[in-house]
Amino acid sequence: MPRAKSVARKKLVSEPLLDVHEIQGNILAGFNKDHQRLVGLRIRGVAEARKWLARILPHVSSLAEVYQFNALFRLRRSRLGRDPVCLVASWMNIAFSRDGLAQLTSDSDAAALPDAAFQIGLTKDRADLLGDPTPGGETDPTARWVIGGTNHPVDILMILASDDKTRLDSLVVQLRPAPMDGLSAPEIIWEEQGETRTDLPGHEHFGFKDGVSQPGVRGLISRRPRIYLTPRLLKAPGTGEIAFAKPGQPLIWPGQFVLGYPFGDRDGAMQPAPPLGRAWFKNGSFLVFRRLEQNVAGFSAFLKAEADRLSKTAGFPGISAEHLGALFVGRWPSGAPVSRTPGGDNPDLAADSLSNNDFLFTEDTPPPVFLPGVGVTAGTFPRAMEGSKGPVCPHAAHIFKVNPRDSATNLGPDIDTLTRRILRRGIPFGTPLTSLEDDGASRGLHFLSYQASIVDQFEILQQNWANNTGAPTSGGNDLIIGQTKTAARTMDLPSLVPSQGGEKISAPVEWVKPTGGGYFFAPSIGAIRDVLAVG
Amino acid sequence: MKITQFDAPGNIAHGGGTCQFYNPVTHGLTGADVTPASAGEITWNGFPRKFLGTAPGGAADFAGAEPTLTSGHSRNQDEYLEWHVTRNGSGKITSVEFTCEGYDYYEFLGREAADILLGLYQKFISPAVRHADLFTGAQYQKLNRWNTADGAMHLTQQANNLFAEVILAAEATVRRRDAVGREVTAAIPLTKCSQFGDARRNSDPTIGSGVNGFARQGRMITLANPVGLYIDHLDDAGFRLPGDLPVDGWFQILRGTPAHTLRAVFAPPRGAAFTVSDVTIGGIPIKFGGQIAQNITMRLTGVASVANNVQNTPIPCEGAGGAVHTAIAVAASRLPTRGAS
Ligand code: HEM
């Protein structure tokens with residue numbers, strides 16, 4: 001007998017209305033610009049710093065603005081079939097270190113922010129915890145950093161971004177502290193430009209497409225009409241299962257990224273917003289900045305030599321350097337996931353946003369069930385199948401390490417992993433390396449991530465997972481970002497040929513090296529107006 | 001009665017199938033074929049998940065995880081890692097002793113080799129331990145003062161025994177389906193469906209879903225010899241002494257080997273001028289043993305044989321009284337080395 005319809009009816013979860021005029025725009029919407037400047041400031045006179053803050057306040061971009069623009073941009077792109085070059089916006093966001101905040105408010109205010117790592121700051125102690133190397137034999141890993149750390153502490157970090165390079169330049173000139181702000185206005189101690197690669201747009205310097213996978217944040221942009229921050233394309237799952245907005249994009253309560261909102265607990269249940277030490281912490285978010293230098297020539301040379309060696313083994317006949325690199329990342333250079341196309345790259349799969357993130361690591365991935373009427377279909381690419389002889393995507397691949405998806409981890413079940421997700425807003429800096437030889441230039445990634453807790457999110461990913469041979473599951477270190485102080489990093493590669501044994505790769509050097517950074521708090525626009533700029 | 005293999009509890013009770021958990025002693029391997037070898041290793045964090053903070057950035061309840069213990073009481077540390085904190089007269093921590101040894105082995109020693117048991121206590125806990133402290137008549141008291149208030153010789157948590165580990169692994173080999181007939185695969189639903197272990201831990205759902213994954217691939221499964229749960233390693237990269245010195249030599253393996261450690265202590269090496277309380281982790285001073293446990297990775301190793309050997313159909317979840325539970329418990333009660341219950 002058919003079951004009564006009412007049994008199947010899902011209970012609607014009501015989602016909070018986001019304070020779109022309060023939350024800074026880069027946090028939940030993301031600037032997504034081709035040109036982005038980071039400016040590091042040190043506070044000299046508190047009064048001048050406040051005066052300057054009041055001056056730039058109307059330019060602090062809000063979620064409402066950035067969301068609207070991104071929506072318009074997508075709309076134009078879908079009609080044009082390419083990026084709309086005439087549509088240009090320029091944005092600015094701002095964040096404060098613990099010391100910076102303490103100067104502008106009080107020590108007890110700053111001390112009430114709920115994150116131990118932010119309280120300590122990204123100096124020697126936290127850099128040690130993250131496994132950062134000490135190249136010159138110093139005891140302080142941050143000793144040679146170009147920005148942040150012990151020697152170049154940043155009180156205020158500005159993020160300025162634009163679709164147009166010239167406009168970005170003028171925005172920087174307009175907004176950064178200047179003589180008109182007074183002699184003791186904040187001092188500019190460092191500036192650096194991030195640029196989308198012109199030769200390979202959207203790719204980081206090792207050559208892989210970045211910015212493919214981001215969590216879907218729950219919450220409403222508006223109640224009437226009902227607009228979700230993250231569009232919903234998929235049917236709600238059964239109780240206790242993880243809900244997805246689109247294939248591969250789990251829905252996460254906003255309290256995981258912005259203070260003062262409901263969050264999901266370790267078992268996936270929604271919990272009300274935790275109480276905050278100060279009302280003005282609401283709508284703020286913690287920001288991690290890491291200036292990660294990439295040794296592109298060293299990375300390529302290692303891939304080539306190691307692929308040559310492996311290609312002569314029974315488990316990896318003829319493996320190419322590109323293939324080995326894909327196993328290190330978990331995606332091919334185009335962004336196509338290894339789990340869905342284990343044999344070779346597939347740019348069409350990479351270009352299909354309903355398919356390129358639709359895969360699990362432990363289970364065969366079921367086909368997505370779209371909501372009726374959303375009018376989209378995913379491409380017909382082979383689905384990700386769990387390998388019967390071992391994992392298809394190595395468990396030490398970068399994207400497995402930092403988001404193990406459906407795999408249970410050392411810290412609990414898959415649903416717990418949702419509490420570890422971050423919002424990445426990074427962009428490459430430096431010019432792409434065009435030859436095989438190292439040119440000595442500094443290039444890498446301005447890694448930026450927003451989260452509600454640096455300790456429980458960013459630091460778990462770096463310290464507890466990427467650096468750990470045994471976690472989130474056993475299988476070696478993340479050879480892209482993992483750091484070990486003592487032994488060489490290793491990675492277990494499952495063989496490409498059934499019935500052959502795997503290999504353990506040993507990587508004596510690290511190709512990604514931290515050379516700057518800091519832990520910050522990006523307050524709400526109201527907090528800047530009513531608290532920081534007035535004291 | 002000595003048994004050669006677990007009976008096929010769930011499968012037979014529910015109408016057919018082959019038991020995918022086997023005894024390697026009598027039913028030798030056809031050969032482990034999972035590559036890489038680490039695929040059979042299951043790891044988890046040593047600090048109990050239930051004492052972690054709930055909200056993002058919420059502090060862990062370190063004090064709650066290690067309350068003052070008196071004899072007769074077991075610890076509430078349930079990730080197969082327990083620890084005891086030793087403090088000096090001024091309240092500074094002088095050592096933190098970690099163990100992951102099952103109590104069943106010690107109960108066995110208590111029955112069969114009381115002198116060896118006493119010797120272990122005297123060597124690892126205190127030379128002052130006397131036979132009368134550990135035994136009531138001939139009966140070994142696992143919650144004696146030297147294993148609770150004054151030390152940690154072996155695990156005390158009721159569920160933290162070798163036997164529980166075997167049962168958990170055995171139960172996890174049984175494939176399950178939910179009310180609408182879909183196979184249950186996610187860690188928590190599986191833990192609840194099979195009723196093995198505790199769904200709130202780091203360890204049990206992870207162990208269970210790892211083993212069940214092998215079962216779904218049609219493999220035969222057992223635990224690697226020697227059966228045991230081990231301390232894999234301590235990540236001490238963020239540990240610092242005053243003057244920025246690393247803590248080289250502070251984490252000392254006392255029983256077992258690196259990656260297969262049964263007992264370890266975190267304490268100043270001979271001649272060091274500092275106490276454990278002088279050590280900071282990422283800039284935060286150590287006030288509790290649990291802060292160290294949070295940086296310990298635990299492991300057990302499963303062995304899975306050739307894939308696609310066995311194709312069992314998933315069976316329904318355990319109802320009240322769980323048939324598989326009972327069947328496994330009956331089968332297990334016939335194991336020769338089982339501790340007294
Ligand atoms: C220079 C250093 C880095 C490089 C070259 C790099 C590269 C990449 C690439 C190519 C992807 C795949 C594209 C995508 O899924 O969006 C990716 C994803 C990701 N990376 Fe990194 N990354 C770096 C640093 C980091 C750091 C420091 C973290 C955090 C500790 C991190 C966290 C992530 C996360 C969370 C994802 C998404 C994984 C997913 O959801 O599947 N990355 N990265």
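Sequence lines set the chain letters: A, B, ... in the order given, protein chains first and strands last, and positions in each chain run from 1.
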Could you look at [X] and say if it's the side chain, the backbone, both or neither that has a heavy atom under 4.5 Å from chain B?
{"X": "A:T409", "result": "backbone"}
{"X": "A:Q457", "result": "side chain"}
{"X": "A:P114", "result": "backbone"}
{"X": "A:D132", "result": "neither"}
{"X": "A:P472", "result": "backbone"}
{"X": "A:A452", "result": "both"}

Pick whichever of [options] has the most heavy-atom pairs under 4.5 Å with chain B.
{"options": "A:G255, A:P274, A:A408, A:A471", "value": "A:A408"}
{"options": "A:N468, A:T473, A:D115, A:D406", "value": "A:N468"}
{"options": "A:Q119, A:Q451, A:Q483, A:R126", "value": "A:R126"}
{"options": "A:I242, A:I120, A:T469", "value": "A:I120"}

If you count the non-hydrogen atoms of other residues, nucleotides and ligands that lie under 6.0 Å from NZ in A:K485, is the total more than 12?
->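 Buried by this count: over 12 neighbours within 6.0 Å.
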
Between [X] and chain A, with a heavy-atom cut-off of 4.5 Å, which part of the residue counts as in contact: side chain, backbone, both or neither?
{"X": "B:T297", "answer": "side chain"}
{"X": "B:L190", "answer": "neither"}
{"X": "B:D204", "answer": "neither"}

Look at B:P246, B:G213, B:A237, B:S203 and state which one has the largest set of heavy-atom pairs under 4.5 Å with chain A.
-> B:A237

Options B:P56, B:A187, B:P205, ranked by heavy-atom pairs under 4.5 Å with chain A, top entry |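 When all of B:P56, B:A187, B:P205 are compared, B:P56 has the most.
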
For the atom pair [atom1] ([X]) and [atom2] ([Y]), what is the distance rounded to the nearest 0.5 Å?
{"X": "B:T54", "Y": "A:Q271", "atom1": "OG1", "atom2": "CD", "result": "7.0 Å"}
{"X": "B:N212", "Y": "A:T362", "atom1": "CG", "atom2": "OG1", "result": "11.5 Å"}
{"X": "B:I188", "Y": "A:E241", "atom1": "CD1", "atom2": "CD", "result": "13.5 Å"}

What residues of residues 238-245 of chain B sit under 4.5 Å from chain A when only non-hydrogen atoms are counted?
-> B:G238, B:R240, B:D244

Chain A contact residues among residues 286-294 of chain B, heavy-atom distance under 4.5 Å | B:Q294

Partner residues of A:R266 under the salt bridge (Lys or Arg N to Asp or Glu O under 4.0 Å) criterion, sequence neighbours left out =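 Expected list: A:D416.
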
Within the side chain of A:D456, is there an N or O that forms a donor-acceptor pair under 3.5 Å with the backbone of B:G57?
-> yes

Salt-bridge test for B:R49 and A:D267: reply yes if a basic N is under 4.0 Å from a carboxylate O, no otherwise.
->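 Salt bridge: yes.
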
Check ring-ring contact (aromatic ring centres under 6.0 Å, His included) between B:F47 and all other residues, then give those that pass, not counting sequence neighbours.
->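 So B:F47 forms a ring-ring contact (aromatic ring centres under 6.0 Å, His included) with B:F62.
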
Minimum heavy-atom separation for A:L411 to B:N45, with atom names?
->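 The pair with the smallest heavy-atom distance is CD2-CB, 3.6 Å.
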
Using distance alone, with no hydrogens and no angle criterion, decide if B:T206 and A:N410 have a side-chain donor and acceptor under 3.5 Å apart.
-> no

